[in-house]
Amino acid sequence: MIKITLPDGSIREYEKGTTSLQVALSISEGLARNVLAAKINGEVWDATRPLNEDCNLTLLTWNDTDGKQTMWHSSAHLLAEALEALYPGVKLGIGPAIESGFYYDVDFGDKPITPEELPKIEAKMQELANKKSEYVRKEVSKADAIKYFTEKGDQYKLELIDGLPDGEITFYTQGNFTDLCRGPHMPNTGFVKAIKLMNIAGAYWRGNEKNKMLTRIYGITFPKDKELKEYLVLLEEAKKRDHRKLGKELELFHFSEKVGMGLPLWLPKGAALRERLIQFMQRAQIKSGYLPVATPHIALKDLYVCSGHYEKYGADSFQPIKTPRENEEFFLKPMNCPHHCEIYKASPKSYKDLPVRYAEFGTVYRYEQAGELHGLTRVRGFTQDDAHLFVRPDQVKEEFCKVIDLVLHVLNALDFKDYTAQISLRDKEDRSKYIGTEANWTLAEQAIIESAAEKGLRTVTEYGEAAFYGPKLDFMVKDAIGRKWQLGTIQVDYNLPERFELEYTGSDNQKHRPVMIHRAPFGSLERFIAVLIEHCGGNFPLWLTPDQIAILPISERFNDYAHEVLQLLNNYDIRGYVDDRDEKIGRKIRDNEMKKIPYMLIVGEKEVADRKVAVRKHGQGDVGIFSMEEFSDIIKNEIENDFKKGTVKEEVK
RNA sequence: GCCACUAUAGUUAAGUGAUAUAACAGUUGAUUCGUAAUCAUCAGUCACAAGUUUGAUUCUUGUUAGUGGCACCA
């Protein structure tokens, strides 16, 4: 007999070799019907796998993330089975579950499939699912595994087997399909009741661009048809928040083929938004002891040779601009840091001067490959809210923590709650791509890890994601359709001070090397605004929105009063416009609702007589009649509330 | 850059081997209006280039740009 501990703490005894599914059955038949997999001592197992020792057991259903993942992974196998049935001779790559659904990478040989064929594949999958074929796990020797796939002629699987140790290889079979797979899988294919193959894309085998490109088919499955429908509706809703769509509708920015791809043009309303964000950051930075600096858009090649950027990115940058006579080479600036190093060097520094914090809204240009451009999130010309802190080694952690505060101030002020801080460290094995000494890297990595822990950030650690010159802490936020983007970034750099031979005089009267911290709480303004648009669905916080109010005269007769109201409210720092088009009030309301204007002030006979305004709030409707002073208080309070959430400590120096 | 798909007016779309349709936006005029679309009027386009064809917006090829991925991201 073995003892099985259930999540509620109760312990039950079963015969050795009992499966999780049988355990479920002993609890309730309904539960057993819904069990997709089981978590055994924290590890996800097939529900049909025999249990031979005492263990903790959690049954997993569709309501558990791991349950969903199991079903989606099994669905990938179902897709593969359907593909083998419909397209004999296809070669299979890998087919994992992903955050929403699954994919399978397939080599169709010389006859690629088209999106029109997807419904046919879906139908086949459903047909196979309805057979309720069991997923059967089998441990195989490496030799047998190689034999099987050699006979099948699937070189991709053979390549995968090649990298696996003998004795740890398992096959899973359902129906007529057998795949190399670690598992786990759901008990049988019958759980799949709704299937949607989303799209087809190319993907390099094993993610290496030197390898062949396989066809990747993305799909998702559900245990109920209703859930699929809901999911598709959700996707539609998300598309409505796409910043590219809203940017057009709200007249924020524009791309022109004539100007060039990836080069955003900011329209007046978008520019107004940008300006507000810049002001917001400038205020916070002044409080935190930053010194504004400004640098040109081009610099001599030598600057980037010195910084190391030329060696690393020279070939993948916009190519140099040459002077006609001297033939000097200038590069468009891809970073602000080398310039700031030169500013640091412009005067001798004492240990008493540090930390020095140079801040610049610097516009930089990077040659991004055509295929990677995406709305405002990935562009070729963008503005960073960049700053470089030159600090003594003993100040690194304190300064790092202060920068985290600043980033949190930004995220709080804009109501971002769902973010993760990603700690990017060196690749564990390959260290050839990094420059700088082992000791400095270790110091920097430690500083980041400790600061993040001290600030209580929710972190994920990624090895191999560090910049070539140092580790970093990135704040990752999701867009409307779940794609993750890096916003704020903080990076420790021991390399540039070395390369630029930066120094300060210590209390010992000796020369010392400062440490540099790169930081950009927004990251790039372009990307930040893109994510912000999607985050708030175009309904910006009142302090930020380009137009806070629209004044709507009932008819032409009240236009003069409307303009007078605007003038008065301008004096209270409230901005907006008068909608004095020759339209009926219903029309004006509709149009301004669509433009997501936070407050509409309607003025007619009564309002003129009382010198008041009828206030209508976006998305809520009529909220009553107020005097200008009362209305200004409403606005002021709302803005204050937005800001109460974030705080920046005053810098005392 | 790679794989696949797309390109019709400012926007969103319909359609065709004989130069094309609608809605909204825009113009002009009427209307002077009380909380999500007043009526009428006018105007404007088949991304670009080459080819096939009596004839191409439609078919083919190329270019450019966009979309979904992959790879890349100082």
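In what follows, chains are A, B, ... by sequence order, proteins preceding strands, each numbered from 1.
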Colleague: Regarding B:U32, can its base be found pairing with the side chain of A:Arg557 as donor and acceptor, where the two atoms are less than 3.5 Å apart?
Modeller: no
Colleague: Rounded to the nearest angstrom, tell me the gap between atom CG in A:Asn592 and atom P in B:U35.
Modeller: 16 Å
Colleague: Using atom CZ of A:Arg380 as one end and atom C1' of B:A65 as the other, report the distance to the nearest whole Å.
Modeller: 12 Å
Colleague: Would one find more than 12 heavy atoms of other residues, nucleotides or ligands at under 6.0 Å from atom CD of A:Glu99?
Modeller: no
Colleague: Do the ring planes of A:Phe390 and A:His388 sit parallel (below 30°), tilted (30 to 60°) or perpendicular (above 60°)?
Modeller: tilted
Colleague: Is a donor on one side and an acceptor on the other found under 3.5 Å between the side chain of A:Arg216 and the backbone of A:Ala201?
Modeller: no
Colleague: Which whole number of Å gives the distance between the P atom of B:G69 and that of B:U35?
Modeller: 45 Å
Colleague: Does B:U41 pair with anything, Watson-Crick or G-U wobble, both distances under 3.5 Å, and if so, with which nucleotide?
Modeller: none
Colleague: Using the P atom in both, what is the distance from B:U16 to B:U58, to the nearest Å?
Modeller: 14 Å
Colleague: Taking atom P in both B:G62 and B:C5, compute the distance separating them and give it to the nearest angstrom.
Modeller: 12 Å
Colleague: Grab the NZ-P distance between A:Lys258 and B:C48 for me, whole Å please.
Modeller: 12 Å
Colleague: Quantified in whole Å, what is the P atom distance between nucleotide B:C33 and nucleotide B:G26?
Modeller: 22 Å
Colleague: For B:A18 and B:A37, measure between their P atoms and round to the nearest Å.
Modeller: 41 Å
Colleague: Could you work out the separation of B:U21 and B:A9 based on their P atoms and round it to a whole Å?
Modeller: 14 Å
Colleague: Tell me the interatomic distance from A:His254, atom NE2, to B:A65, atom P, rounded to whole angstroms.
Modeller: 14 Å
Colleague: If B:U63 has a Watson-Crick or G-U wobble mate with both distances under 3.5 Å, name it; if not, just say none.
Modeller: B:A47
Colleague: When both hydrogen-bonding distances must be under 3.5 Å and the geometry is Watson-Crick or G-U wobble, what is B:A56 paired with, if anything?
Modeller: none
Colleague: Nearest whole angstrom, please: distance from the C1' of B:U35 to the CD of A:Glu607.
Modeller: 11 Å
Colleague: Using whole Å, report how far CZ of A:Arg616 lies from P of B:G34.
Modeller: 15 Å
Colleague: My understanding is that only residues two or more places apart in sequence, or in another chain, count here; which of them pass side chain to side chain donor-acceptor pair (under 3.5 Å) with A:Lys245?
Modeller: A:Glu249
Colleague: Within the structure shown, what part of the strands sits under 4.0 Å from A:Ile589 by heavy-atom distance: base, sugar-phosphate, or nothing?
Modeller: base
Colleague: If B:G68 has a Watson-Crick or G-U wobble mate with both distances under 3.5 Å, name it; if not, just say none.
Modeller: B:C3
Colleague: Along nucleotides 66-74 of chain B, 5' to 3', which nucleotides get a B, which get an S, and which get a -, given that the test is a protein heavy-atom distance under 4.0 Å?
Modeller: SSBBBBBBB
Colleague: Look at the rings of A:Phe528 and A:Phe522 and say which category their plane angle falls in: under 30° parallel, 30 to 60° tilted, over 60° perpendicular.
Modeller: tilted
Colleague: Using a cut-off of 4.0 Å on non-hydrogen atoms, how would the nucleic acid contact of A:Glu249 be classed: base, sugar-phosphate, or nothing?
Modeller: nothing
Colleague: Taking atom P in both B:U8 and B:C3, compute the distance separating them and give it to the nearest angstrom.
Modeller: 24 Å
Colleague: Does A:Lys584 have a side-chain nitrogen or oxygen under 4.0 Å from the phosphate oxygens OP1 or OP2 of B:A36?
Modeller: no
Colleague: Expressed as a whole number of Å, how far does the P atom of B:C42 sit from that of B:U64?
Modeller: 42 Å
Colleague: Starting from the C-alpha separation in whole Å, work towards a yes-or-no answer on side-chain hydrogen bond (donor to acceptor under 3.5 Å, both in side chains) for A:Thr114 and A:Glu117.
Modeller: CA-CA 6 Å; A:Thr114 63; A:Glu117 294 169 64; 3.2 Å; yes
Colleague: Provide, to the nearest angstrom, the distance between the CD atom belonging to A:Glu583 and the P atom belonging to B:U27.
Modeller: 11 Å
Colleague: Cut-off 3.5 Å, side chains only: do A:Thr545 and A:Gln548 have a donor facing an acceptor?
Modeller: no
Colleague: Look through every strand shown and name the nucleotide pairing with B:G17 as Watson-Crick or G-U wobble, where both distances are under 3.5 Å.
Modeller: none
Colleague: Using distance alone, with no hydrogens and no angle criterion, decide if A:Asp580 and A:Asn559 have a side-chain donor and acceptor under 3.5 Å apart.
Modeller: no
Colleague: Between A:Asp107 (CG) and B:C2 (C1'), how many Å, whole number?
Modeller: 15 Å
Colleague: Answer with base, sugar-phosphate or nothing: what part of the nucleic acid does A:Lys248 contact at a heavy-atom distance below 4.0 Å?
Modeller: sugar-phosphate
Colleague: Checking A:Lys91 against A:Tyr156: charged group under 6.0 Å from the ring centre and within 45 degrees of the axis?
Modeller: no
